[in-house]
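Here is the structure we will look at, set down as structure tokens.
Positions are given from 1 along the sequence.
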Amino acid sequence: SFESSVALGKMNDETALNDMLGRMAGTENITLSGYGERGINAIVVKIEGHFSSQSADPGGKAERNWLLELLVKSGQRDEAAKNALLRLLTHRLPEVNHSAARALLLSLTSEDKEILAGMLSHRLSAVRMAGLTAIHHARIWEPRFLPVVLKLAADDPDVSVRASAIDEI
């Protein structure tokens, strides 16, 4: 159950972590949030395994997508998890970057202006878009973001990022 998985995480039960990752399916109501950074790292290892195998297994793609979604839900309001997600913005897989940005979007507070600045200048448009969304939803703003947002509105190669930046001006 959800509550049991949180409790096992808080007890740092490594065997249970590996067991839950092995048995997880998109319909189960469990979480690795109690494991914090270790849970996030375990999810990323499984995601990397899916991307390194060239299998055309449709079930594998569904599990990979579910793991990416699990990563998104893993960082809410936990400082260690937030730091792990921040490091994942530089991961080699764009899908992991995007999922980490979506997770950060759910956990940013008004004190996270440096994280937001990094998201706005990220190489991936999906991460820049998440940064613009964070400005709106988390009400994180300071004057130094104006030139960055204006540049995104004028020059970003992704039309969606340009449109979102215009909405924030």
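Scanning all heavy atoms of the two residues, the minimum distance from Leu88 to Ala100 falls at CB-CB, 3.7 Å. The shortest heavy-atom contact between Ala165 and Ala153 is CB-N, 3.5 Å. Residue Pro143 comes nearest to Pro147 through the heavy atom pair O-CD, 3.6 Å, listed as atom of the first residue, atom of the second, then distance. Leu132 and Val161 make their closest contact through CD1-O, 3.6 Å (heavy atoms, listed as atom of the first residue, atom of the second, distance). Residue Leu120 comes nearest to Gly131 through the heavy atom pair CD2-C, 3.7 Å, listed as atom of the first residue, atom of the second, then distance. In this structure, Leu108 and Ala134 approach most closely via the heavy-atom pair CD1-CB, 3.6 Å.
Side-chain atoms of Lys82 and Ile115, non-hydrogen and from C-beta on, do get closer than 4.5 Å to each other. A heavy-atom distance below 4.5 Å is not found between the side chains of Leu89 and Leu85. No side-chain heavy atom of Phe145 sits less than 4.5 Å from a side-chain heavy atom of Glu168.
A donor-acceptor pair under 3.5 Å links the side-chain atoms of Asn97 to the main chain of His91, judged by distance alone. Side-chain atoms of Thr90 come within 3.5 Å of backbone atoms of Arg87 as a donor-acceptor pair (strictly under, hydrogens ignored). Formation of a donor-acceptor pair under 3.5 Å by the Ser99 side chain with backbone atoms of Glu95 is found in this model.
Note on Ile135 and Leu105: separate hydrophobic clusters, where clusters join Ile, Leu, Val, Met, Phe, Trp and Tyr whose side-chain heavy atoms are under 4.5 Å apart, directly or indirectly. Linking ILVMFWY side-chain heavy atoms closer than 4.5 Å, directly or via other members, places Val149 and Ile166 in two distinct hydrophobic clusters. Neither Leu86 nor Val45 shares a network with the other; the hydrophobic side chains, linked directly or stepwise wherever heavy atoms of I, L, V, M, F, W or Y lie under 4.5 Å apart, form separate groups for each. A single hydrophobic cluster is seen to contain both Ile169 and Ile140, as judged by linkage of ILVMFWY side chains at heavy-atom distances under 4.5 Å, directly or through other members.
Salt-bridge check for Glu114 with Arg144: passed, with a basic side-chain N closer than 4.0 Å to an acidic carboxylate O.
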Practice problem: Show your working on side chain to side chain contact (heavy atoms under 4.5 Å, CB included) between His98 and Leu124 and close with a plain yes or no. | Solution: CA-CA 8 Å; His98 181 221; Leu124 292 176; 5.5 Å; no

Exercise. Evaluate the criterion side chain to side chain contact (heavy atoms under 4.5 Å, CB included) for residue pair Leu116 and Trp141; output intermediate values, then yes/no.
Key: CA-CA 9 Å; Leu116 179 58; Trp141 180 259; over 6 Å; no

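When Arg128, Arg162, Arg123 are each tested for a salt bridge (Lys or Arg N to Asp or Glu O under 4.0 Å) with Asp156, only one passes: Arg128.
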